Amino acid sequence: MEYLELDLDDWRVLLDADAVPRGLSAAGVRARNRDLLAVADLSNELLARWNRPLITRTTLSVRS
């Protein structure tokens with residue numbers, strides 16, 4: 001299997017069970033009305049499994 005697209009919760013089950021397919025080359029995360037930071041966190045877990053660059057977060061603050 002080269003590509004797998006799942007909902008956030010289904011990816012979490014696979015990651016927690018250490019059952020992500022080894023031959024996976026690409027992954028899709030469906031995030032219908034979900035917290036996008038949670039999607040980024042999960043995506044980083046997937047990327048880390050293949051020693052790929054992680055998604056970088058930048059926090060901006062507004063001074064008044």
Side-chain angles (χ1 to χ4, degrees):
M1 177 179 308
E2 292 183 11
Y3 176 77
L4 182 60
E5 181 176 348
L6 297 170
D7 289 324
L8 189 67
D9 295 333
D10 294 330
W11 276 118
R12 174 57 42 216
V13 169
L14 285 182
L15 283 165
D16 290 347
D18 196 27
V20 176
R22 294 262 179 232
L24 203 60
S25 297
V29 180
R30 288 188 296 253
R32 298 180 188 115
N33 302 320
R34 298 297 297 252
D35 177 12
L36 295 181
L37 292 178
V39 173
D41 288 340
L42 184 124
S43 298
N44 277 339
E45 286 185 56
L46 289 169
L47 290 167
R49 288 180 171 261
W50 291 279
N51 298 315
R52 304 295 301 160
L54 303 181
I55 297 168
T56 303
R57 290 185 187 181
T58 303
T59 303
L60 303 175
S61 61
V62 179
R63 294 181 185 215
S64 46

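These numbers were taken from a predicted model, which means no experiment stands behind them.
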Short question: side chain of W11, backbone of E5 - any donor-acceptor pair under 3.5 Å?
no
Is the count of non-hydrogen atoms from other residues, nucleotides or ligands lying under 6.0 Å from R52 atom CZ greater than 12?
no
To the nearest 0.5 Å, what is the distance between CG (D16) and CD (E45)?
7.5 Å
same_hphob_cluster(V29, W50) at 4.5 Å side-chain heavy-atom cutoff
yes
Residue list, salt bridge (charged side-chain N to carboxylate O under 4.0 Å, His left out) with R32, at least two apart or on another chain:
D7
Apply salt bridge (charged side-chain N to carboxylate O under 4.0 Å, His left out) to D35 and list each qualifying residue two or more places apart in sequence or on a separate chain.
none
Members sharing L47's hydrophobic cluster, built from side-chain contacts under 4.5 Å between Ile, Leu, Val, Met, Phe, Trp and Tyr, are L54, I55
Between the CZ atom in R57 and the CG atom in L37, the distance rounded to the nearest 0.5 Å is 4.5 Å
For R49 and D18: C-alpha separation, side-chain torsions, deciding distance, then whether side-chain contact (heavy atoms from CB on, under 4.5 Å) applies.
CA-CA 10 Å; R49 288 180 171 261; D18 196 27; 3.0 Å; yes
Is it true that V13 and L42 fall in one hydrophobic cluster, defined by side-chain heavy atoms closer than 4.5 Å?
no
dist L8:CG -> R30:CZ (nearest 0.5 Å) comes out at 11.0 Å
